[in-house]
2 protein chains.
Amino acid sequence: MPDSSSQPAKKPSRIQLRNRKRILDAALEVFSRDGFRGATLDQIAAEAGLSKPNILYYFDGKEDIHVTLLNAQLDTWLDPMLALDAKGDPLTEILAYVQRKLDMARQFPRESRLFAGEILRGASFMAPYLRRDFQPLFEAKCALVQDWMDSGRLQACDPQHLMFSIWATTQHYADFAAQIEILQADKPKAGSGASAYLRQLFTGLLKV
Amino acid sequence: MPDSSSQPAKKPSRIQLRNRKRILDAALEVFSRDGFRGATLDQIAAEAGLSKPNILYYFDGKEDIHVTLLNAQLDTWLDPMLALDAKGDPLTEILAYVQRKLDMARQFPRESRLFAGEILRGASFMAPYLRRDFQPLFEAKCALVQDWMDSGRLQACDPQHLMFSIWATTQHYADFAAQIEILQADKPKAGSGASAYLRQLFTGLLKV
DNA sequence: TCGTGTATTTACCAAATGGTAAAATAAATA
DNA sequence: TATTTATTTTACCATTTGGTAAATACACGA
């Protein structure tokens with residue numbers, strides 16, 4: 001038995017790799033839609049095209065799937081922030097960060113909704129990861145932005161709230177897609193324009 | 001039997017009024033935390049201090065509680081936008097709108113998370129209400145903002161995306177409170193500053 | 001092709017969950 | 001006070017759900 005969380009696994013076979021990926025992809029679909037409590041193993045099994053006992057052959061249980069999924073996505077989710085470069089031009093760096101976050105929301109809406117849902121219901125699973133990986137990175141990048149402002153290369157404002165507003169505005173397009181779709185039902189140029197608008201918004205705030 | 005959805009109800013007694021409110025308040029707590037699928041009648045019953053059969057004496061079922069709750073909150077939720085006044089000073093009006101939304105997020109975080117969760121998982125219940133009540137209001141207020149911009153009283157930008165960014169940035173403080181709390185764990189002036197930051201952000205965008 | 005470990009299915013379980021029927025209790029009214 | 005009506009409890013039920021045991025089918029190297 002593979003038994004996911006056991007460390008000293010030999011070599012995951014092709015079938016194992018394929019099925020674990022199938023399960024995690026199905027779980028992403030289901031967990032991002034219904035949350036941990038609302039999701040069922042039967043849903044995940046159906047989505048993955050496997051039987052329920054079969055997915056329990058690859059994972060120790062519902063929680064194991066969930067935790068594995070969150071872990072697997074967190075690094076990718078933090079990448080855009082990690083790429084904020086102290087050596088670059090401040091405004092360009094921030095606008096590029098906004099664009100990267102927007103691209104991620106557009107390209108990985110399910111991942112965005114998965115995280116959003118987790119945090120919405122209290123981050124019970126995410127909290128350890130947020131503290132371990134996210135918090136230090138957040139602190140460091142806020143300090144960087146503060147430096148840019150102190151040296152007059154960026155209009156002064158609260159770096160923390162700046163970050164919050166960048167996440168909020170970009171992830172909004174993934175997390176609230178259902179609402180946006182309803183509101184823009186008849187509008188012609190639906191979906192586009194976000195990138196230009198956000199550039200305008202944050203340029204207006206940060207340009208010296 | 002009261003039987004919630006039945007229209008020709010006589011007069012709700014004091015007990016009925018009190019218990020229905022208790023149940024809806026408990027449901028707000030539970031649904032906002034776990035979503036419709038994740039919430040259970042037992043949780044709601046425990047939170048309300050009533051037995052499960054007893055809450056089913058006041059409501060037709062889980063879905064009835066949920067729908068009643070969404071309906072009861074929607075008007076309140078739309079009020080800040082409704083108050084956008086064509087006769088006021090444009091920038092002042094918008095900044096006041098931002099402040100009202102921020103106040104609502106701070107004062108009613110459970111309501112904010114309830115709606116956020118609903119939309120996150122596809123707005124299956126909300127969609128009709130959004131189309132009926134929200135969409136026309138949204139359209140009207142976007143047109144108003146567009147007028148302000150066309151007459152040069154506001155810096156031109158996309159009104160729809162402006163609205164999206166106002167909702168995103170303000171509701172973020174309710175919907176992602178768990179994350180903010182973790183990230184600001186050590187910071188001293190936690191929680192405050194949002195109002196000033198958002199005023200700066202949207203002033204920078206909209207000032208002519 | 002044979003055997004051995006891998007993968008999958010079948011048949012279950014116990015607990016949780018949404019919901020009901022009817023008895024018992026409390027309020028209101030005649 | 002008697003009696004009717006509104007409310008609450010007790011005892012259930014059928015389905016769903018997370019999970020398991022054991023039997024079966026499959027892959028793959030010797």
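All values reported here derive from a predicted model rather than from experimental measurement. Here is how names work: the chains are called A, B, and so on, in the same order as the sequence lines, proteins then strands, and each is numbered from 1. Just the heavy atoms: all of them, side chains too, but no hydrogens, waters or symmetry mates, feed the values below.
Nucleotide C/dT20 holds its C1' atom 13 Å from the CG atom of B/Asp60, rounded to whole Å. One can place CZ of A/Phe59 at 13 Å from P of D/dG19, the figure rounded to the nearest angstrom. Rounded to whole Å, the distance from CD1 on B/Ile55 to P on C/dT20 is 12 Å. Here the C1' atom of nucleotide C/dA11 and the CG atom of A/Leu56 are 15 Å apart, to the nearest Å. Between the P atom of D/dA6 and the CG atom of B/Asn54 lies a distance of 15 Å, rounded to the nearest Å. The distance from atom CG of A/Leu50 to atom P of C/dA7 is 12 Å, rounded to the nearest whole Å. Between the CG atom of B/Asp64 and the C1' atom of C/dG18 there is a distance of 14 Å, rounded to whole Å.
A side-chain donor-acceptor contact under 3.5 Å links A/Lys62 to the backbone of A/Phe36. A donor-acceptor pair under 3.5 Å links the side-chain atoms of B/Arg20 to the main chain of B/Tyr58, judged by distance alone. In this structure a side-chain-to-backbone donor-acceptor pair under 3.5 Å is present from A/Arg113 to A/Ala174. A/Glu93 contributes no side-chain N or O that, together with a main-chain N or O of A/Leu84, makes up a donor-acceptor pair within less than 3.5 Å. Looking at B/Arg100, its side chain does come within 3.5 Å of a backbone N or O of B/Pro80 through a donor-acceptor pair.
If A/Arg18 and B/Glu63 are placed on DNA chain C by their nearest nucleotide, the residue sitting closer to the 5' end is A/Arg18. The residue among B/Pro53 and B/Arg14 whose nearest nucleotide of DNA chain D is located toward the 5' end is B/Arg14.
Look at A/Gln16 and you won't find any side-chain N or O under 4.0 angstrom from OP1 or OP2 of C/dT6. OP1 or OP2 of D/dT8 lies within a sub-4.0 Å distance of a side-chain N or O belonging to B/Asn19. Phosphate contact (OP1/OP2 of D/dT7, side-chain N/O of B/Tyr57, threshold under 4.0 Å): present. Phosphate proximity of C/dT8 to A/Ser51: absent, as no side-chain N or O sits under 4.0 Å from OP1 or OP2. Distances shorter than 4.0 Å separate none of the side-chain N or O atoms of B/Tyr58 from OP1 or OP2 on D/dA6.
Stretches of at least 3 consecutive Watson-Crick or G-U wobble pairs, with each checked distance under 3.5 Å, appear in DNA chain D as C:1-30 with D:1-30.
A/Pro90 is linked by a side-chain contact (heavy atoms from CB on, under 4.5 Å) to A/Trp148, A/Arg153, A/Leu154, counting only residues two or more places apart in sequence or in another chain.
Annotation for A/Ile166 and A/Thr169: closest pair O-OG1, 3.2 Å, computed over non-hydrogen atoms.
In this structure, B/Tyr173 OH and B/Ser112 OG are separated by 13.0 Å, a value rounded to the nearest 0.5 Å.
Residue B/Glu181 places its CD atom among 12 or fewer non-hydrogen atoms of other residues, nucleotides or ligands, all under 6.0 Å distant.
Between the base of D/dG18 and the side chain of A/Lys52 there is a donor-acceptor pair shorter than 3.5 Å.
For DNA chain C, the residues of residues 22-49 of chain A within the heavy-atom distance limit of 4.0 Å (strictly under) are A/Arg37, sorted by number.
Using a 4.5 Å heavy-atom threshold, the side chains of A/Thr76 and A/Met104 count as touching.
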